[in-house]
Amino acid sequence: MEKEVIPRKILSGWISFVRKCFFRVLRVGPIPSHIAVIMDGNRRYAKKKKLEEGVGHDAGAFALLCLLIYCYELGVKHLSAYAFSIDNFKRKPEDVKKIMDLLRECIPLLTRIVKHRPIRVHFAGSLELLSADIRIPAKRLMEATADNSKFIFTLCVVYTSTDEIMHVVQESCKEKCDHIPEIRANDASNGLLGENGDSHQGDQDLIKLVDIEKHMYMAITPDPDILIRTGDEHRLSNFLLWQTSCCQLSSLVTLWPEIGIWQLVWVVLNFQRNHHYYGRKRNAAVDLVNGSYSSSSPPSQS
Ligand SMILES: CC(C)=CCC/C(C)=C/CC/C(C)=C/COP(=O)(O)OP(=O)(O)O
């Protein structure tokens with residue numbers, strides 16, 4: 001990745017001015033709070049351009065950093081990217097090494113980008129599986145930007161939803177086990193223990209939705225409004241499965257390194273067109289979770 005090129009090319013001059021004017025017009029409509037991306041098509045891009053495979057990933061990382069700046073300027077509050085899945089460890093060793101090298105390189109670049117913008121950088125996933133030379137600077141960058149609240153950029157690395165949900169279950173159980181004596185004592189004082197000392201109501205409610213959500217790797221961001229997948233793929237590939245039940249899925253034929261401002265504008269315009277529909281879905285889901293539907297009037301299926 002060319003280190004100098006990233007900020008200069010897109011941050012200065014009339015291109016940046018025109019882009020900001022354009023975004024101002026787009027902001028007349030609702031702007032998604034959270035965009036998530038699955039960055040497919042990097043190798044195909046390299047093939048198409050007759051470049052070495054790894055160069056496709058370089059171009060992909062560059063495209064991601066540009067998208068970060070565009071989203072920030074547009075007024076989006078969260079951007080999350082699927083940079084490395086746990087399943088990607090099954091790829092050829094040189095492919096794994098390439099993405100790990102990019103991760104290592106992107107930390108100083110991100111440090112420069114956040115120097116002038118209040119962006120919080122978050123790495124989500126089983127970070128203990130990263131080598132120390134990536135994990136330690138990544139944790140340092142997370143700590144250094146932890147107080148930035150205007151924008152959160154999440155890089156999902158060594159991530160799958162299955163792993164996230166397993167992690168949540170383990171953490172929630174661990175936490176509750178530690179508190180079982182307290183919960184039992186509380187139930188006993190409220191007369192809620194049965195003859196054999198079991199809790200009548202406590203156990204089935206032991207783990208609540210709030211417990212699950214607080215242990216998610218993605219706990220610091222709201223659910224995405226838009227999930228973009230490039231490279232003409234239509235699968236979720238174990239990415240944010242818990243978080244995407246009411247989200248617009250935008251599958252683009254564009255290869256990831258070719259994503260730019262026009263693709264972003266296109267998905268945001270689609271979001272604006274469907275905004276009321278997704279808003280209603282979301283509200284219905286929240287009502288369901290809060291138990292505001294009675295059993296005699298189930299939610300309408302649409
Ligand atoms: C800043 C930073 C660390 C960025 C990450 C770099 C990057 C673009 C990662 C994409 C990872 C990935 C496995 C994509 C899948 O498709 P593929 O790219 O292998 O391509 P294909 O769909 O053409 O096979």
Side-chain angles (χ1 to χ4, degrees), residues 1-3 5-7 10 35-72 79-114 119-127 129-131 133-139 141-142 145 151-161 163 227-240 251-260 263:
M1 227 189 324
E2 292 168 66
K3 296 183 173 78
V5 146
I6 284 165
I10 63 164
I35 297 182
V37 291
I38 304 180
M39 307 179 282
D40 244 316
N42 302 282
R43 290 184 294 191
R44 276 172 281 163
Y45 171 83
K47 215 174 191 174
K48 182 174 145 189
K49 299 273 172 188
K50 299 191 174 38
L51 300 166
E52 273 176 51
E53 219 172 68
V55 181
H57 286 99
D58 282 336
F62 175 76
L64 178 61
L65 296 180
C66 290
L67 187 71
L68 166 64
I69 308 255
Y70 299 155
C71 287
Y72 177 83
L79 173 68
S80 302
Y82 202 8
F84 190 84
S85 147
I86 293 179
D87 299 331
N88 290 151
F89 277 123
K90 294 181 199 144
R91 287 187 167 208
K92 288 185 284 180
E94 56 271 32
D95 282 7
V96 175
K97 181 176 179 309
K98 179 71 209 180
I99 298 177
M100 291 300 155
D101 287 347
L102 275 173
L103 258 177
R104 201 177 290 108
E105 279 176 39
C106 90
I107 295 171
L109 283 175
L110 283 170
T111 309
R112 278 174 51 193
I113 290 176
V114 302
I119 296 177
R120 177 172 181 182
V121 181
H122 181 60
F123 292 83
S126 284
L127 304 187
L129 298 179
L130 290 171
S131 61
D133 63 330
I134 300 176
R135 193 180 60 249
I136 294 167
K139 286 202 166 155
L141 181 58
M142 283 200 278
T145 59
F151 188 101
I152 301 181
F153 176 49
T154 304
L155 261 179
C156 297
V157 284
V158 208
Y159 175 93
T160 58
S161 282
D163 180 60
L227 173 62
I228 301 175
R229 181 158 196 169
T230 53
D232 204 16
E233 297 284 355
H234 303 263
R235 294 166 288 120
L236 293 177
S237 297
N238 220 341
F239 183 51
L240 304 186
S251 179
L252 305 179
V253 287
T254 312
L255 302 175
W256 175 257
E258 293 174 332
I259 194 163
Q263 286 78 10

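Read the numbers this way: they start at 1 and go in the same order the structure lists the ligands and their atoms.
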Problem set entry | Gly231 to ligand 1, any heavy atom closer than 4.0 Å | no
Problem set entry | Short N or O distance, Asn88 and ligand 1, threshold 3.5 Å exclusive | no
Problem set entry | By salt bridge (Lys or Arg N to Asp or Glu O under 4.0 Å) - contacts of Lys92 (at least two apart) | Glu53
Exercise. Considering only heavy atoms from C-beta outward, does the side chain of Cys71 approach that of Phe151 to under 4.5 Å?
Worked result: yes
Exercise. With respect to atom 6 (C) of ligand 1, which of Asp95, Leu103, Leu102, Leu155 exhibits the smallest heavy-atom separation?
Worked result: Leu102
Exercise. Hey, is the main chain of Arg235 close enough, under 3.5 Å, to the side chain of Arg229 for a donor-acceptor pair?
Worked result: yes
For this session: Show which atoms of ligand 1 fall inside a sub-4.0 Å distance from at least one heavy-atom site of His57.
Result: 17 (P), 18 (O), 19 (O)
Exercise. At the 4.0 Å heavy-atom cut-off, does Arg91 count as touching ligand 1?
Worked result: yes
Problem set entry | Numbering as shown, the atoms of ligand 1 that approach Cys106 to under 4.0 Å (heavy-atom distance) | 1 (C)
Exercise. Between the candidates Ile107, Leu109, Val37, Asp40, which shows the shortest non-hydrogen contact distance to atom 15 (C) of ligand 1?
Worked result: Asp40
For this session: Look at the rings of Tyr82 and Phe239 and say which category their plane angle falls in: under 30° parallel, 30 to 60° tilted, over 60° perpendicular.
Result: parallel
Exercise. Could you give all pairs that pass the ring-ring contact (aromatic ring centres under 6.0 Å, His included) test and reach residues 35-59, with sequence neighbours left out?
Worked result: none
For this session: Would you confirm whether Thr145, through its side chain, and Val121, through its main-chain N or O, come within 3.5 Å as a donor-acceptor pair?
Result: yes
